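In this text, all values refer to a predicted model and were calculated from it rather than measured experimentally. Proteins get letters first, then strands, A, B, ... in listed order; numbering begins at 1 in each.
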Protein chains: 2
Amino acid sequence: MLVTRPPSISEQVDAILRARIREGIYVPGDRLPSESELSLEFGVSRATIRNVLGMLAAEGLILRKQGDGTYLNRRIQEVNTHSGGLWEFSRLIESSGHQSTIQPQQTEKRPATSEEAEMLSLEAGEEVLVLKRLFRADGRPVILATNVVPAGFIHTDPARLDTRLQIREFLMRYCRRKIAYVITDVRSGLLDEDAARFLEGEPGNPLLVLRTFFYDSDNRPLAFGHSYYDDRVLRLRLVQAWG
Amino acid sequence: MLVTRPPSISEQVDAILRARIREGIYVPGDRLPSESELSLEFGVSRATIRNVLGMLAAEGLILRKQGDGTYLNRRIQEVNTHSGGLWEFSRLIESSGHQSTIQPQQTEKRPATSEEAEMLSLEAGEEVLVLKRLFRADGRPVILATNVVPAGFIHTDPARLDTRLQIREFLMRYCRRKIAYVITDVRSGLLDEDAARFLEGEPGNPLLVLRTFFYDSDNRPLAFGHSYYDDRVLRLRLVQAWG
DNA sequence: AAGTGGTCTAGACCACGAC
DNA sequence: TCGTGGTCTAGACCACTTA
């Protein structure tokens with residue numbers, strides 16, 4: 001079913017370079033081989049190498065200096081949003097150096113509220129599937145995430161759904177929908193009584209509230225999420241490369 | 001002095017396309033001309049066109065559909081972090097549709113605290129320049145930003161500094177330093193008494209706290225900032241394109 | 001079948017930094 | 001001066017969507 005197309009040349013080069021960084025073959029502060037050397041070594045064109053390096057640079061993983069060379073950023077470990085996904089909580093937790101666990105708390109199918117109906121372009125009263133899940137970092141609860149998906153999207157027997165999947169994987173597998181882009185609202189909020197039962201903390205504590213909207217390439221809303229993010233435990237840290 | 005190199009071909013194409021979007025020549029939801037058509041129209045190679053479109057797509061401004069075409073995102077107006085800069089507050093405010101004003105509150109030169117010294121790789125007691133500024137959106141105070149720069153970086157007579165400059169421009173003009181990348185910590189916090197004097201609000205209100213670290217391409221810290229961001233007035237909204 | 005975007009190549013020339 | 005990354009070209013072929 002899910003056709004797994006072979007990895008492209010760029011993806012392979014990307015994987016190799018990331019592996020070398022991970023395994024310490026390239027050490028933070030190191031100067032990497034030049035683009036021409038890499039293109040010779042891998043037997044690919046320089047344009048392909050540049051494409052890959054461009055992505056690594058955009059993540060802040062490497063620093064490129066015209067006339068000099070390409071260097072491995074000394075501060076890679078400080079950042080947890082490499083490759084961007086602010087909404088892929090498991091990866092966020094793991095790339096912060098913690099062990100991530102997902103704990104489904106509640107899965108219910110119910111009519112959409114009017115607010116939900118509007119955000120998901122549904123008729124009032126159409127059903128939605130609501131997934132409430134708790135993410136833990138090294139056992140400590142950090143994120144309480146609620147995701148809402150139109151029930152009409154789901155082609156699978158509800159009893160067979162794996163509610164531990166990432167939302168992206170969930171939409172792909174059960175709804176055959178591909179996320180094209182995501183809009184995330186970052187707001188501050190206070191821990192309410194309900195959320196305090198899940199996240200260890202006292203009601204009234206400040207925390208981050210993320211509202212996430214998922215769309216496909218036709219601008220159709222696929223899902224949205226509402227998450228409480230305990231920033232005392234897990235930093236929300238973004239890198240942005242300039243130029 | 002500041003050499004202003006002529007805009008590259010990509011920059012020109014980029015400017016033209018953004019202008020067409022801004023002026024409504026391309027309307028949200030529209031299908032843009034194909035890459036080949038654009039490359040013919042502008043007399044540049046398709047690779048150059050793709051380079052520019054790639055950036056617009058990364059910002060979520062356009063959506064590209066293989067086998068179909070390129071479409072202008074219907075939700076462009078909802079997003080205020082196009083081209084990324086979470087720390088360029090004026091642009092953030094203006095691309096949210098507000099009029100932005102900067103109000104310098106205080107400029108002082110003093111020895112670095114031990115925390116500042118460590119973050120900026122300074123010796124204890126070295127001097128720093130502290131800029132405290134208030135950003136307003138349509139007159140309403142939204143961001144209280146404090147930026148700390150090593151005083152030794154500054155080559156200009158302190159009395160002649162323009163304290164209304166963006167931090168990027170400030171570092172470039174007075175310190176001849178180029179920001180290579182920026183790390184931003186987004187945290188939740190409570191309005192304290194001092195900040196409440198500047199931002200209209202009561203102490204104890206939740207708000208966003210941004211801590212921003214600026215580095216050059218040698219990994220040297222250039223500056224850091226501590227900002228109170230009133231998210232009731234201005235949304236902090238990120239787009240991330242998938243794939 | 002035709003046209004779109006996605007990937008990749010093999011060159012060229014330029015701007016810049018270190019030596 | 002030499003090697004680096006930055007820009008740009010003119011092609012080729014593939015994957016995909018639409019008709």
Side-chain angles (χ1 to χ4, degrees), chain A residues 2-17 30-58 61-73 176-178 180-181 216-218 220 241-243, chain B residues 2-17 30-58 61-73 176-178 180-181 216-218 220 241-243:
Chain A
L2 275 180
V3 276
T4 46
R5 74 171 195 310
S8 69
I9 294 181
S10 299
E11 286 168 338
Q12 296 177 50
V13 171
D14 182 270
I16 293 173
L17 292 179
D30 265 8
R31 178 175 170 157
L32 302 194
S34 74
E35 299 178 349
S36 333
E37 284 170 332
L38 288 173
S39 95
L40 277 176
E41 179 188 349
F42 295 131
V44 304
S45 79
R46 194 183 147 214
T48 303
I49 295 291
R50 278 188 64 74
N51 182 30
V52 174
L53 292 182
M55 294 190 299
L56 299 181
L61 218 52
I62 59 173
L63 299 169
R64 310 164 92 184
K65 302 167 72 173
Q66 189 175 42
D68 184 351
T70 300
Y71 293 82
L72 191 51
N73 193 335
R176 316 256 160 200
R177 313 256 176 173
K178 252 178 77 176
Y181 69 101
D216 71 6
S217 64
D218 288 318
R220 280 185 303 236
W242 206 87
Chain B
L2 275 178
V3 277
T4 46
R5 75 173 196 309
S8 68
I9 296 181
S10 298
E11 285 168 339
Q12 295 178 51
V13 171
D14 182 271
I16 294 173
L17 292 179
D30 264 9
R31 178 173 167 159
L32 302 193
S34 74
E35 299 178 349
S36 334
E37 284 172 332
L38 288 173
S39 95
L40 277 177
E41 180 188 350
F42 295 132
V44 304
S45 80
R46 197 187 144 209
T48 303
I49 296 291
R50 278 188 63 75
N51 180 30
V52 175
L53 293 182
M55 294 189 301
L56 299 181
L61 217 54
I62 59 173
L63 299 168
R64 311 166 90 182
K65 302 167 72 173
Q66 188 177 37
D68 184 351
T70 300
Y71 292 82
L72 191 52
N73 194 334
R176 316 260 159 192
R177 313 257 174 173
K178 251 178 77 178
Y181 69 102
D216 72 6
S217 64
D218 288 317
R220 279 185 302 237
W242 206 87

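Here CG of B:Leu32 is found 7.5 Å from CG of B:Leu17. Values are rounded to the nearest 0.5 Å. For the atom pair OG of B:Ser34 and CG of B:Asp68, the computed distance is 11.5 Å after rounding to the nearest 0.5 Å. The structure places NZ of A:Lys65 at 3.0 Å from CG of B:Asp218, a figure rounded to the nearest 0.5 Å. To the nearest 0.5 angstrom, B:Ile62 atom CD1 is 12.5 Å from B:Tyr71 atom OH.
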Could you go over nucleotides 17-19 of chain C and give all protein N or O partners under 3.5 Å, atom names and distances?
| unit_1 | atom_1 | unit_2 | atom_2 | d |
| --- | --- | --- | --- | --- |
| C:dG17 | O4' | A:Gly67 | O | 3.4 |

What pairs of donor and acceptor atoms, side-chain ones from residues 47-57 of chain A against any protein atom, are under 3.5 angstrom apart with sequence neighbours left out?
| unit_1 | atom_1 | unit_2 | atom_2 | d |
| --- | --- | --- | --- | --- |
| A:Thr48 | OG1 | A:Ser45 | OG | 3.3 |
| A:Arg50 | NH1 | A:Glu35 | OE1 | 3.4 |
| A:Arg50 | NH1 | A:Glu35 | OE2 | 2.8 |

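When the side-chain contact (heavy atoms from CB on, under 4.5 Å) test is applied to A:Glu41, the partners found at least two apart in sequence or on another chain are A:Arg20, A:Leu38. By the side-chain contact (heavy atoms from CB on, under 4.5 Å) test, A:Gln66 pairs with no residue at all, sequence neighbours left out.
A:Ala241 and A:Ala58 make their closest contact through CB-O, 4.0 Å (heavy atoms, listed as atom of the first residue, atom of the second, distance). The two residues A:Leu63 and B:Ala180 come nearest to each other via the heavy atoms CD2-CB, 4.4 Å.
Between the CG atom of B:Leu72 and the P atom of C:dG5 there is a distance of 14 Å, given to the nearest Å. We find that CG of B:Leu38 is positioned 15 Å from C1' of C:dG3, with the value rounded to whole Å.
Position along DNA chain C of the nearest nucleotide to B:Thr70 versus B:Ala47 favours B:Thr70 as the more 5'-ward residue. Of the two residues near DNA chain C, A:Pro7 and B:Gly69, the one whose nearest nucleotide lies more 5' is B:Gly69.
For the contact set between residues 50-57 of chain B and DNA chain D, defined by any heavy atom under 4.0 Å, there are no members.
For DNA chain D, the span of nucleotides reached by chain A at under 4.0 Å from its heavy atoms goes, 5' to 3', from D:dG3 to D:dT7.
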